[in-house]
Amino acid sequence: MSAAALRIALVGSPNCGKTALFNQLTGSRQKVANYAGVTVERKQGWFTAPSGRGLQVLDLPGAYSFDTVSPDERITRDVLVGAHRDEAAPDLIVCVADATNLRLHLRFVLEVRRLGRPMVVALNMMDAARRRGIAIDVAELSRRLGVPVVETIAVRRGGARALIAHIDAHAPAADAADVHDAIAVDATSDLHAQVRDLLAATVAVPRATDARDDAIDRWALHPVFGLLILGVVLFLVFQAVYFLGKPMTDMIGDGFDWLGAHAAASMPDGPLRGLVTDGLFGGIGTVLGFLPEILVLFFFILVLEESGYLPRAAFLLDRVMVAVGLSGRSLIPLLSSFACAIPGIMGTRAITDPRDRLATILVAPLMTCSARLPVYALLIGAFIPSRTVLGMFNLQGVVLFALYAIGIAGAVLVAWVMKRIRGDRADHLLLMELPSYRLPQVRDVALGLWERGMIFLKRLTGVILALTVLMWFISTFPGPPPGATEPAIEYSFAGQFGRVLVHLFAPIGFNWQISLALIPAFAARETAVAALGTVYAVAAGADTAGLGPILAQNISLASALSLLVWFAFAPQCMSTLAIIRRETASWRVVGISFGYMFVMAYAASFITFRLASALT
């Protein structure tokens with residue numbers, strides 16, 4: 001893309017369909033990063049207009065208003081006015097508004113208009129507006145706003161054609177001068193009054209809400225049936241992780257076993273052969289095999305998010321969460337933490353009460369992130385039989401659901417204790433927008449899966465690869481002395497260090513190999529699988545037949561259950577601690593977070609190991 005490409009910024013309030021429009025414009029030609037110096041997601045993409053003109057599109061964080069202290073909304077405002085470092089002001093602003101909820105979204109349109117920069121309003125979800133009988137005089141709305149207004153349907157193929165044509169025909173030249181005085185606006189007038197006047201003059205709404213949404217919500221938001229529906233949905237999601245993901249994981253595992261065997265047979269004996277077969281195939285290959293199960297989980301999270309169900313789950317659980325010291329606004333960050341605690345903790349910025357925000361930050365790492373899933377899948381596959389219970393449920397899926405439930409129960413307990421310690425008896429009101437139900441779009445779900453899959457693979461080829469090579473090195477060197485009678489790995493750095501650590505972890509059933517694997521897991525949890533794969537591959541030489549069977553031969557069921565429970569509560573990875581430090585500006589909070597999780601993990605594993613040992 002040339003330096004003179006037109007730079008377009010997409011802005012809008014949450015739930016306006018802005019990201020769906022971004023996906024339609026850019027497709028796979030996009031990248032995700034963070035703004036320099038802050039942990040705010042930055043999405044940028046490119047496309048070519050029919051005239052051949054190159055267009056660069058920036059998807060800015062959603063914002064309800066510029067009158068805020070939210071880091072996300074501050075970034076959006078600073079980028080639009082050209083005040084953000086290393087980020088020039090865009091040549092054109094496309095402000096996306098939900099046509100079915102203009103009462104809320106027009107206020108932000110007016111705020112963006114006050115910036116005085118070239119802009120166009122994308123009136124999105126026009127198909128849903130027409131279905132509800134909402135009549136919008138687009139020409140009059142454009143005349144009164146003083147800016148072009150274009151209809152779009154971001155979730156339909158070709159739904160952005162009119163917007164692209166308008167931009168191609170009327171957009172200013174790239175790197176055009178600022179035009180802060182291009183639009184005459186009364187910056188002192190009441191925005192709410194302006195919105196009322198605009199609605200009265202241009203919009204006719206037969207009813208306030210969608211009849212279909214109301215019919216579904218009578219069940220989905222019912223105080224009893226709604227909770228049952230939510231519980232069933234989550235349970236079925238975790239069943240699907242094993243039902244759909246496990247066969248693909250097994251295929252990948254078998255493939256890496258085959259590749260490892262052929263690599264071992266075709267390479268001369270020596271350190272390089274050990275690195276390739278034990279380090280790469282035994283470590284990295286083992287972790288990569290669990291990618292299908294991770295993507296299955298992400299798929300259902302994305303579908304629930306795209307469908308509009310997640311905000312309703314937050315509303316439904318608000319009373320329960322307030323009772324334990326959180327709020328309904330905590331649910332979205334906590335659900336995000338099932339993918340990774342880092343965006344979940346960043347998402348707490350939307351929680352206005354500082355005590356609720358701190359409580360959510362401290363319990364977010366207890367949500368079972370995707371990095372734990374390879375450990376769970378490995379141990380469950382090795383020690384829990386794949387059989388049907390109650391005539392229809394997979395036992396392995398039930399155990400996985402139970403582990404997620406344990407993490408949630410731990411978070412509830414910690415939040416409840418924090419509430420009692422601080423003596424909080426204040427009312428916490430939840431005000432949030434419930435978007436209309438919609439069918440998830442294949443393009444948006446596919447792009448979401450692609451992004452998350454690439455993040456996993458980048459971690460796999462970055463920190464996990466480095467730690468795996470390091471683990472192979474300390475498991476291989478130094479070699480055994482002459483006349484040694486123990487396996488070679490016992491004399492390595494890993495064996496020596498592991499025998500020191502085992503004194504701390506032996507009471508909870510961990511041998512020295514498991515104890516050693518906990519160290520790289522602190523950098524990235526899924527590295528525990530790679531570390532175990534490398535250590536046991538080095539110990540077994542070329543005669544490896546998959547890590548699961550090797551673990552089943554070398555550790556007891558009680559130890560496996562103890563390790564599963566450990567990872568349900570284990571202290572979070574270094575990246576999570578760094579985000580906690582950045583978001584709270586407090587090393588004390590970091591220490592509290594690490595300390596309480598270590599105590600919880602050790603105590604729960606100790607109880608699990610003792611009970612399982614007595615019963616097996």
Side-chain angles (χ1 to χ4, degrees), residues 28 233-263 280-304 306 338-340 368-388 392-404 440 442-461 464-465 468 524-530 532-533 537 544-552 564 567:
S28 61
V233 167
L234 295 178
F235 182 80
L236 292 178
V237 166
F238 297 121
Q239 284 285 307
V241 168
Y242 266 92
F243 181 76
L244 299 177
K246 188 65 164 60
M248 292 184 284
T249 290
D250 291 341
M251 289 176 59
I252 293 176
D254 293 341
F256 272 98
D257 289 343
W258 182 84
L259 288 174
H262 277 263
L280 299 182
F281 288 108
I284 295 292
T286 302
V287 181
L288 182 61
F290 295 104
L291 178 59
E293 291 172 78
I294 292 172
L295 291 181
V296 169
L297 178 62
F298 279 146
F299 170 79
F300 285 103
I301 291 176
L302 286 169
V303 167
L304 292 175
E306 292 286 327
F338 281 113
C340 177
T368 302
C369 66
S370 60
R372 290 178 171 105
L373 191 56
V375 181
Y376 287 171
L378 171 66
L379 294 173
I380 291 173
F383 291 91
I384 306 300
S386 179
R387 66 166 183 254
T388 302
M392 59 185 300
F393 300 118
N394 183 288
L395 179 59
Q396 293 178 330
V398 172
V399 173
L400 181 64
F401 177 77
L403 288 167
Y404 276 75
V442 174
R443 173 192 290 266
D444 296 335
V445 173
L447 286 172
L449 287 176
W450 172 261
E451 290 174 7
R452 285 154 178 82
M454 291 306 298
I455 290 172
F456 178 82
L457 292 177
K458 287 176 182 177
R459 285 169 61 88
L460 194 69
T461 56
I464 297 177
L465 176 60
T468 299
R525 283 183 173 123
E526 60 268 57
T527 308
V529 173
L532 288 171
T544 57
L547 182 55
I550 293 176
L551 289 180
L564 284 170
F567 272 96

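For reference, positions follow the sequence shown, starting with 1.
- The minimum heavy-atom distance between Asn394 and Ser386, with the atom names listed, is ND2-OG, 3.6 Å.
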**Q.** Residues Thr368, Leu403; criterion side-chain contact (heavy atoms from CB on, under 4.5 Å); working and verdict
**A.** CA-CA 8 Å; Thr368 302; Leu403 288 167; 5.7 Å; no

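- Contact check for Val398 versus Phe235: side-chain heavy atoms found under the 4.5 Å cut-off.
- Scanning all heavy atoms of the two residues, the minimum distance from Met248 to Val296 falls at CE-CG2, 4.4 Å.
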Q) Going through the checks in order, is the side-chain contact (heavy atoms from CB on, under 4.5 Å) test met by Leu564 and Phe383? A) CA-CA 11 Å; Leu564 284 170; Phe383 291 91; over 6 Å; no

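- Of all heavy-atom pairs spanning Leu379 and Leu551, the tightest one is CD2-CD1, 4.0 Å.
- Listed here is the closest heavy atom pair of Leu378 and Gly548: CD1-N, 3.9 Å.
- With a 4.5 Å cut-off on side-chain heavy atoms, Ile252 and Leu291 do not count as touching.
- Shortest non-hydrogen contact noted between Pro292 and Gly245 is CB-O, 4.0 Å.
- For the pair Tyr404 and Leu373, the minimum side-chain heavy-atom distance is below 4.5 Å.
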Q | Full working for side-chain contact (heavy atoms from CB on, under 4.5 Å) between Asp444 and Leu302 | A | CA-CA 9 Å; Asp444 296 335; Leu302 286 169; over 6 Å; no

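- Here the shortest heavy-atom pairing between Gln396 and Pro385 reads CG-O, 3.8 Å.
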